[in-house]
2 protein chains.
Amino acid sequence: MTNIRTVAKKAGVSVATVSRAMQKPDVVSEKTRKKVQEAARDVGYKPNMMAQVFRSKKTHSILVLVPDMSNPFFAQVISGIQKAVRPRGYNLVLGNTLGNQQTERDLAQLLITNQTDGIIQLSARYPLDEQDKGGHRLLPIVNCCECVNDDSMPTVQLQNEEAAKAMANYLVGLGHSRIGVITGPPESPLTIGRMAGYKAALEEHRLTFEQQIIVEGDYSLVAGEKGVAAILSCGVAPTAIFCFNDEMAFGAMRELKQQGLRVPADVSVAGFDDLPFSKYMNPALTSVRQPSLDFGAVAVNQLFELIEGRVMRQRHQLLPFELAIRSSTCEASNL
Amino acid sequence: MTNIRTVAKKAGVSVATVSRAMQKPDVVSEKTRKKVQEAARDVGYKPNMMAQVFRSKKTHSILVLVPDMSNPFFAQVISGIQKAVRPRGYNLVLGNTLGNQQTERDLAQLLITNQTDGIIQLSARYPLDEQDKGGHRLLPIVNCCECVNDDSMPTVQLQNEEAAKAMANYLVGLGHSRIGVITGPPESPLTIGRMAGYKAALEEHRLTFEQQIIVEGDYSLVAGEKGVAAILSCGVAPTAIFCFNDEMAFGAMRELKQQGLRVPADVSVAGFDDLPFSKYMNPALTSVRQPSLDFGAVAVNQLFELIEGRVMRQRHQLLPFELAIRSSTCEASNL
DNA sequence: TCAAAAATTGATAGCGCTGTCATTCGAATT
DNA sequence: AATTCGAATGACAGCGCTATCAATTTTTGA
């Protein structure tokens, strides 16, 4: 094995100098730096990163905990994280938790055991046990895309409530007075926030809230189908359905079609996320656009504030949304 | 810091015994194991994984090189890899290369520098320089989803040519005699294989090959739109278009609609991959189903053969395809 | 019961590197 | 030429753990 000592011998300098020449080139003289670089090249030296990591206690990697890799929204967020992390010389370790809390905990232990420098958590809960909470000082863990508003960790989140309210307002503005909703898991802060926005919009326009056209989903394609089936099965169909993510909206449109209803002529459908695909649906899906790539960038910034021990100006960052109005929504037909 | 020595002292045993009690519980007596476990719990001992990794030269992580994280097909493959890797106690490190060869090389250096135990490469090229090729013995690098048929690394790939041929045959069987194609990058083995299958089907039915209705794409949504535009711009439109992935098919369907052509009444469209979304398109997309999750599992198996130095029975694994026939294709209209 | 074999434990080196501190060198100043 | 001072380098400990081998204890079998 060619190690640092081989290089030192070849270059006729001490191991410390070799180390410095590689890690902090500005503190060694031009001449020795050249000498060392040549020697390293000659003997084909590759520093053993594991030794470096062990010694310097910096892994240069961060862990992303993601409940579901194959969800395209998360895939985009991860892309954003990746892009923000690479220029800093960090690597991404991916932890697919499948929503399982134990897996999440196991993976988060990587932080405690020095295997990673920080964590970006894409689910709603603090990934570690209470006992590992690191006392007064915040551990380098950042929540992204969900809204955990206690102070266990900094967050980066969308203006969720406002976004849902804006979409609901838009639908109401089209003349829809009965708007069905397919939500996320009811205990999720995301669902709670978006429902609050929805209700606020109804109240503003003095529309009555109907529990029976609100159904629960799990963000999957089939949840959209089942959701529509449930809504249709209990009486007069609403003229619009607001799905709390795009995949459920895809499912919803499919089921509506299956049941002989036209989108948007009979029922308007709106989604949330604005996946790249949504524009390509037929009809193209109206949705709430989330700045998915920015999420990653901002979360990484937050995380490095923690890792480098700087004071955080703002613990909870809110990112703006946009409405992407397309052809899956139209004016309510006046029957 | 509570390290192994703290535990040893507390338990009244040697550090070696503590190490053994943690790593190979079966070689220490029940009594001491209990004693050590208690002591470890009492002092809140978390082994420093970095020291372990450094010392034992096993990182228990594997690197996945992926050209584009937000491609849902890759996302699925990665999911499959993840699932196969977790039970072995390994973690996944994700390298988003964006198709950039330098990034790929940099990341692949993690193998050389002992930062990872193996690599699964989702692009078509060998990720390291020739000089790092490890001489006679194969380095633990496996290619997945692409077809590199030299012996630089084992591969897991689809029966590509057969799949494309089957789809082309199916379209011909519906009465389509002029079938446009939107391919991948022309130099890619994937494209070459699929084109070979397409041509074979034509020849079998004595149909003429028309270069002008074959256009190049890059697997993106917009490539599908542009591809259709290009095909339509040069004369009589074909009655079917075969896209070498589903995303391009989505783009193609959109552009066809935009140009006033109906799918499938005027033009049938077929894709490749069978993404979960494809079934939800309107019309639902006919496609070649790839066993995306199996890819991951098989690739991981191959990789561990290499890591554990076993002899490989089969260097190049072929996985089977299926045709998913849906409503974006139908019999050719007889004009 | 006692020697031999097996199971368990302890002592210690050292993985490859970086941090620390001491030393040396070279240029600048008097 | 002598002194000073900062820059550059060297020497070396030791990070926390595991591998190795030696020492000890327990078990086994005659």
Side-chain angles (χ1 to χ4, degrees), chain A residues 1-40 43-61 89 109-117, chain B residues 1-61 89 109-117:
Chain A
M1 191 56 198
T2 92
N3 56 22
I4 200 171
R5 237 167 304 125
T6 325
V7 182
K9 208 173 291 171
K10 176 89 180 182
V13 297
S14 72
V15 290
T17 302
V18 176
S19 172
R20 277 186 292 251
M22 313 287 285
Q23 304 307 320
K24 359 189 139 156
D26 45 317
V27 312
V28 303
S29 73
E30 170 100 20
K31 205 174 53 180
T32 35
R33 200 184 331 136
K34 280 257 170 63
K35 219 164 41 177
V36 169
Q37 280 166 352
E38 258 173 51
V43 302
Y45 172 66
K46 309 277 177 193
N48 180 327
M49 298 304 271
M50 279 325 176
Q52 281 184 8
V53 161
F54 167 53
R55 193 54 233 273
S56 63
K57 301 199 180 312
K58 296 245 160 56
T59 68
H60 295 282
S61 80
Q109 283 293 325
L110 296 181
L111 184 65
I112 309 293
T113 57
N114 304 316
Q115 277 189 104
T116 193
D117 291 353
Chain B
M1 190 57 199
T2 95
N3 54 23
I4 201 171
R5 238 167 303 127
T6 326
V7 182
K9 208 173 290 171
K10 176 90 181 180
V13 297
S14 72
V15 290
T17 301
V18 176
S19 173
R20 277 186 292 251
M22 313 288 285
Q23 304 308 318
K24 1 189 137 156
D26 45 316
V27 313
V28 303
S29 72
E30 169 102 20
K31 206 173 56 180
T32 35
R33 201 187 326 139
K34 280 255 170 61
K35 219 165 41 178
V36 169
Q37 280 166 353
E38 260 173 49
R41 190 163 32 72
D42 288 357
V43 302
Y45 171 66
K46 308 277 176 192
N48 180 327
M49 297 305 270
M50 279 326 175
Q52 281 184 7
V53 161
F54 166 53
R55 193 56 235 269
S56 64
K57 301 198 180 312
K58 296 245 160 57
T59 68
H60 295 284
S61 80
Q109 284 293 325
L110 296 182
L111 184 66
I112 309 295
T113 57
N114 304 316
Q115 276 189 102
T116 192
D117 291 353

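The model shown is predicted, which means the values in this text are computed figures rather than measured ones. Labels below follow one simple rule: chain letters A, B, ... track the order of the sequence lines, proteins then strands, and each chain is numbered from 1.
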Just how far, in rounded Å, is [atom2] of [N] from [atom1] of [X]?
| X | N | atom1 | atom2 | answer |
| --- | --- | --- | --- | --- |
| N3(A) | dC15(C) | CG | P | 8 Å |
| K58(A) | dC17(C) | NZ | P | 18 Å |
| R5(A) | dA13(D) | CZ | C1' | 14 Å |
| R33(B) | dA7(C) | CZ | P | 15 Å |
| R55(B) | dG16(D) | CZ | C1' | 10 Å |
| K46(B) | dG16(D) | NZ | P | 17 Å |
| F54(B) | dG16(D) | CZ | P | 12 Å |
| Q115(B) | dC17(C) | CD | P | 12 Å |

All side chain to side chain donor-acceptor pair (under 3.5 Å) counterparts of N114(B), not counting sequence neighbours
none
What pairs with T113(A) under side chain to side chain donor-acceptor pair (under 3.5 Å), at least two apart in sequence or on another chain?
none
Below 4.0 angstrom, which residues in residues 12-32 of chain B have at least one non-hydrogen atom near DNA chain D?
A16(B), S19(B), R20(B), Q23(B), K24(B)
Any side-chain N or O of Q52(A) under 4.0 Å from OP1/OP2 of dT18(C)?
yes
K9(B) meets the salt bridge (Lys or Arg N to Asp or Glu O under 4.0 Å) criterion, sequence neighbours left out, with none
State which residues pass salt bridge (Lys or Arg N to Asp or Glu O under 4.0 Å) with K58(A); sequence neighbours excluded, sorted by chain then number.
none
With sequence neighbours left out, write down each residue that passes side-chain contact (heavy atoms from CB on, under 4.5 Å) with V13(B), or none if nothing qualifies.
A11(B), T17(B), V18(B), T32(B), K35(B), V36(B)
Salt bridge check, E38(A) against K34(A): does any charged N sit closer than 4.0 Å to a carboxylate O?
no
Not counting sequence neighbours, list each pair that qualifies as a ring pair (Phe, Tyr, Trp, His ring centres under 6.0 Å) and has a residue in residues 17-56 of chain B.
F54(A)-F54(B)
Which residue pairs satisfy the ring pair (Phe, Tyr, Trp, His ring centres under 6.0 Å) criterion with at least one member in residues 3-28 of chain A, sequence neighbours excluded?
none
To the nearest 0.5 Å, what is the distance between CD on Q115(A) and CG on L111(A)?
10.5 Å
Enter the inter-axis angle for the ends of the helix from dT1(C)-dA30(D) to dT30(C)-dA1(D) (five pairs per end, rounded to 10°).
30°
